[in-house]
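Below is one structure; the comments refer to it alone.
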Amino acid sequence: MEMQEENSHTYSDLQEVFYSRESTFYGIKSPQGGIFIQDIDIARVREGKMKFSLVVSPDLSEELNYNIEGLPVFLRREELIESEHMSLCHWHPDLEFIKIDRGTMYYFVNGEIIRLEEGHGLFVNSGRLHYGFSPGKIDCEYCIMIVHTDLFAKNCRSIDDYLMAKFGLNNEDYICLSPDIPWQNRILEGISETEKEIKEGDPLSLVSRIAMICSGIGKHIQVVRDQHMDNKHYQEFLLMTNYIRNHFSEKMTIDDMASSGRVCRSLCCSLFQEFASQTPTQYLTKYRLLRSCQALRETQLSVTEISGLCGFQTPSYYASVFKKNLGMTPQEFRLWKKPENRKDIFAKPREIV
């Protein structure tokens, strides 16, 4: 656990490091505002259709579009620049593995922030709030692998008991993975091998490989006390943020959000300040903006269509909010996102604040 303690930081630690800077940094509380949350760009739109891959299941957790039909495994390479150097604070019941191939990245997990160096990685346990970001907007290329434990025999009691004992709410939120520690390096190598297995399309080899990776974590993960996930208010906050993600295209009030979390309006506002350092309205607006950015990048829908689909009252209001937050119009953003324009640093949009 020495590696984990060395690389982990609290919010206050990072505030001390970055507080004196003039700009508002992703994921860091600046003098001008709070913790800034953006959308994780998971969807890959096919055939020109608008398709968001994050969906809300009946238990209000997030699910993914997995790589192979029938196997709950999601793996792909990503660059942090694709999500404007910060992914949305989110959670899902799946286990998550990150391996850094190039650059560095910070990762928030349930109130702690971990610095990940090139060649290193991270395991994030089931049901934990998490997101990756770069305070200095430095790009990072990484491989992300997400695995639902249903992969290992959904109705086998002995396996279910093992998974609950190893990946439940009383276990560690995360484990840092270093190439210098043999058992952790085997997991990092296993992530790369899993990528090959998916490309080769051999489901038995794929399941076997992932089982070895998860077993490696299971042998070393520790039981801890006083986890965030046991906090009733934390669960209420998750209910409200998932409601936003599932209904962001609809007209929504603070009372609607509070009702989804089964709390009063005042507590709703307090919980958003406590866990996201934003008001509920700010969170909703940023989420809508980032969904619209995703649609601008990945569809041919008009700006008017996108504004309506993302919950903005009128196209003119959408354009005004977009310009205020990103420093350019939706049309300019769409043009900047074209591959041939990506190197134009002077046209780069501001962070959403």
Give a yes or no on whether a salt bridge exists between [X] and [Y], defined as a side-chain N under 4.0 angstrom from a carboxylate O.
{"X": "Arg76", "Y": "Glu78", "answer": "yes"}
{"X": "Glu96", "Y": "Arg128", "answer": "no"}
{"X": "Lys199", "Y": "Glu197", "answer": "no"}
{"X": "Asp256", "Y": "Lys251", "answer": "no"}
{"X": "Arg186", "Y": "Glu189", "answer": "no"}

Problem set entry | Inter-residue atom distance Ile114.CD1 - Phe108.CZ, 0.5 Å rounding |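 Spacing of CD1 (Ile114) from CZ (Phe108) equals 9.0 Å.
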Which atoms form the tightest heavy-atom contact between [X] and [Y], and what is the distance?
{"X": "Ser215", "Y": "Tyr162", "result": "O-OH, 4.1 Å"}
{"X": "Met240", "Y": "Cys268", "result": "SD-SG, 3.6 Å"}
{"X": "Val303", "Y": "Leu296", "result": "CG2-CD2, 4.3 Å"}

Exercise. So, do Ile198 and Leu206 sit near enough that their side-chain heavy atoms are less than 4.5 Å apart?
Worked result: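 Answer yes - side chains close enough.
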Exercise. Do Phe74 and Met145 come close enough that some side-chain heavy atom pair is under 4.5 Å?
Worked result: no
Problem set entry | Ser307 (side chain) donor-acceptor with Thr304 (main chain) under 3.5 angstrom |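 Yes, the answer is positive, given that a donor and an acceptor are paired below the 3.5 Å cut-off.
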For this session: Spell out, as yes or no, whether a donor-acceptor pair under 3.5 Å connects the side chain of Ser259 to the backbone of Asp255.
Result: no
For this session: Not counting sequence neighbours, which residues clear salt bridge (charged side-chain N to carboxylate O under 4.0 Å, His left out) with Asp161? List them please.
Result: Arg157
Exercise. Hey, what's the ring geometry for Tyr287 with Phe248, parallel, tilted or perpendicular (30° and 60° as the breaks)?
Worked result: perpendicular
For this session: Name the orientation class of the two ring planes belonging to Tyr318 and Phe312 (parallel below 30°, tilted from 30 to 60°, perpendicular beyond 60°).
Result: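 Tyr318 and Phe312: tilted rings.
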For this session: Carefully, step by step, assess Glu305 and Ser302 under the rule side chain to side chain donor-acceptor pair (under 3.5 Å).
Result: CA-CA 5 Å; Glu305 290 173 314; Ser302 69; 3.3 Å; yes
Exercise. How would you list all residue pairs meeting salt bridge (Lys or Arg N to Asp or Glu O under 4.0 Å) that involve residues 234-244, not counting sequence neighbours?
Worked result: Lys232-Glu236
For this session: With sequence neighbours left out, write down each residue that passes side chain to side chain donor-acceptor pair (under 3.5 Å) with Glu200, or none if nothing qualifies.
Result: none
Verify whether one side chain among [X] and [Y] offers a donor that lies under 3.5 Å from an acceptor in the other.
{"X": "Glu250", "Y": "His247", "answer": "yes"}
{"X": "Gln282", "Y": "Thr285", "answer": "no"}
{"X": "Thr314", "Y": "Ser316", "answer": "yes"}

Problem set entry | Passing option when Arg102 is tested against Glu79, Glu118, Glu117 for salt bridge (Lys or Arg N to Asp or Glu O under 4.0 Å) |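 For Arg102, the salt bridge (Lys or Arg N to Asp or Glu O under 4.0 Å) check succeeds only for Glu79.
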Problem set entry | From CA spacing to verdict: side-chain contact (heavy atoms from CB on, under 4.5 Å), Cys269, Ile254 | CA-CA 8 Å; Cys269 295; Ile254 293 178; 4.2 Å; yes
Exercise. How far apart are the C-alpha atoms of Phe272 and Phe237, what are their side-chain angles, what is the distance that settles it, and do they pass the ring pair (Phe, Tyr, Trp, His ring centres under 6.0 Å) test?
Worked result: CA-CA 7 Å; Phe272 271 88; Phe237 172 72; 5.3 Å; yes
